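Sharing a structure here in structure tokens format.
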Amino acid sequence: MISPPVLLVVAHGSRDPRHAATVHALVRRVRALRPGLRVETGFLDFNVPSVPGVLESLAADGVRDVVALPLLLTRAFHAKADIPSVLRRAPSRLRIRQAEVLGPSPLLTDALERRLYEAGLDPADKSSTGVVLASAGSSDPEASAVIAEIAREWRHTGWCAVRPAFASASTPRTEDAVRELRELGCAKVAVAPYVLAPGFLPERIARGAAEAGADLLAGVLGPAPEVARVLLERYDTARLPLSAALGA
């Protein structure tokens, strides 16, 4: 029996210890959903094991096929440049396919709503609540446009209004989006961080929410079951032979 490709989850890494802990919790959920699949974690910076170190270990173990999955919500610099550069330097015996980033996905929108309700929002208040979709931010216009489109689509699921916000590189900031929703007349304003794990930029989102007096701040997406399912969807798509992916 041929073993399926190893799933290598490629995380950014952070000086904040909660970041790695959250990544590992998410990976444990993925393993629970797919028993028998080998799932490894590597970090680009700050944390260990590093991506190159994991790739070397996989090659030493005799692994042949790997799906490298960027633990990212948008396709920006890390997905387009950093990760491909690291993968190109992998041991030559490894055949590596880079999976697509996690977002956008309806499952992630479900995870955002899960976090809002877990933070105390009453589902009955949905139509009178404005939501700030607060992302980390990127200088890549493609990534910013994706966040804006997610906000537009999410608005049509019954919220009073949804506005995108960015913790860095782009505007508006979280606090400005909260104030805009107040001015629109939303009875409540909730902030939904569109980020995977705690760290510097999620803390900036939290400060902006507090500064502007948001009624509610949801937790990060973290190991939400919907996020784990997206990981496996991206893995399954990437592991298909090209001909199958094209329907040949």
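Computed from heavy atoms alone, side chains included, the values below leave out hydrogens, waters and symmetry copies. These numbers come from a predicted model, not from an experiment.
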Rounded to the nearest 0.5 Å, how far apart are OG of S105 and CZ of R234?
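S105 OG to R234 CZ: 5.5 Å, rounded to 0.5 Å.
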Checklist entry - Does the side chain of V131 come within less than 4.5 Å of W154's, by heavy atoms? => result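 Result yes, sub-4.5 Å side-chain heavy-atom pair found.
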For the side chain of R97 and the backbone of R239, is there at least one donor-acceptor N/O pair under 3.5 Å apart?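 Yes.
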Any sub-3.5 Å donor-acceptor pair from D215's side-chain atoms to V189's backbone N or O?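 Checked: pair present.
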**Asked** Does S144 offer a backbone N or O that forms a donor-acceptor pair with the side chain of E149 under 3.5 Å?
**Response**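 The answer is no, because no donor-acceptor pair under 3.5 Å joins these two groups.
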Exercise for review: Taking all non-hydrogen atoms of both residues into account, name the closest pair between R173 and F166 and its distance.
Suggested key: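 Distance-wise, the nearest heavy atoms are CD-O, 3.2 Å.
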*asked:* Taking the basic N atoms (NZ, or NE/NH1/NH2) and the acidic carboxylate oxygens, is any pair closer than 4.0 Å for D125 and K188?
replied: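 Looking at K188 together with D125, the answer is yes, because their closest N to O distance falls below 4.0 Å.
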- Query: Any side-chain heavy atom of R207 sitting closer than 4.5 Å to one from E175?
  - Reply: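 In short, these two side chains do not touch, never coming nearer than 4.5 Å.
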Could you measure the distance from the CG atom of L94 to the CD atom of E56? Nearest 0.5 Å is fine.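 L94 atom CG to E56 atom CD measures 8.5 Å (nearest 0.5 Å).
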Checklist entry - Ignoring hydrogens and geometry, is there a side-chain-to-backbone donor-acceptor pair from S138 to D140 under 3.5 Å? => result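 Yes; judged by distance alone, with no hydrogens or angles, the pair exists.
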key: Residue pair L26 / R31, side-chain heavy-atom distance below 4.5 Å   =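 In short, these two side chains do not touch, never coming nearer than 4.5 Å.
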Would the distance check show the side chain of R204 and the main-chain N or O of A167 forming a donor-acceptor pair, the cut-off being under 3.5 Å?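 A pair under 3.5 Å: yes.
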Point to revise | Point-to-point distance, once rounded to the nearest 0.5 Å, from SG of C186 to CZ of R163 | key: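 It comes to 7.5 Å.
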Item checked: E153/R155 salt bridge by N-O under 4.0 Å criterion ->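 The answer is no: the pair does not qualify as a salt bridge.
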Do the charged groups of R115 and E226 touch, with an N to O distance under 4.0 Å?
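Answer for the salt bridge query: no.
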task: Could you tell me how the ring of H12 sits relative to the ring of F46: parallel (under 30°), tilted (30 to 60°) or perpendicular (over 60°)?
output: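 Taking F46 first and then H12, their aromatic rings sit tilted (interplane angle of 30° to 60°).
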Just by distance, do the side chain of R114 and the backbone of L108 share a donor-acceptor pair under 3.5 Å?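 Checked: no pair found.
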Point to revise | Partner of L71 under side chain to side chain contact (heavy atoms under 4.5 Å, CB included), chosen from V101, V23, V10, T41 | key: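 So the option named by the test is V23.
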Q: Please indicate whether R18 has more than 12 foreign heavy atoms, meaning atoms of other residues, nucleotides or ligands, lying under 6.0 Å from its CZ.
A: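 Yes, the 6.0 Å shell around CZ holds more than 12 heavy atoms from other groups.
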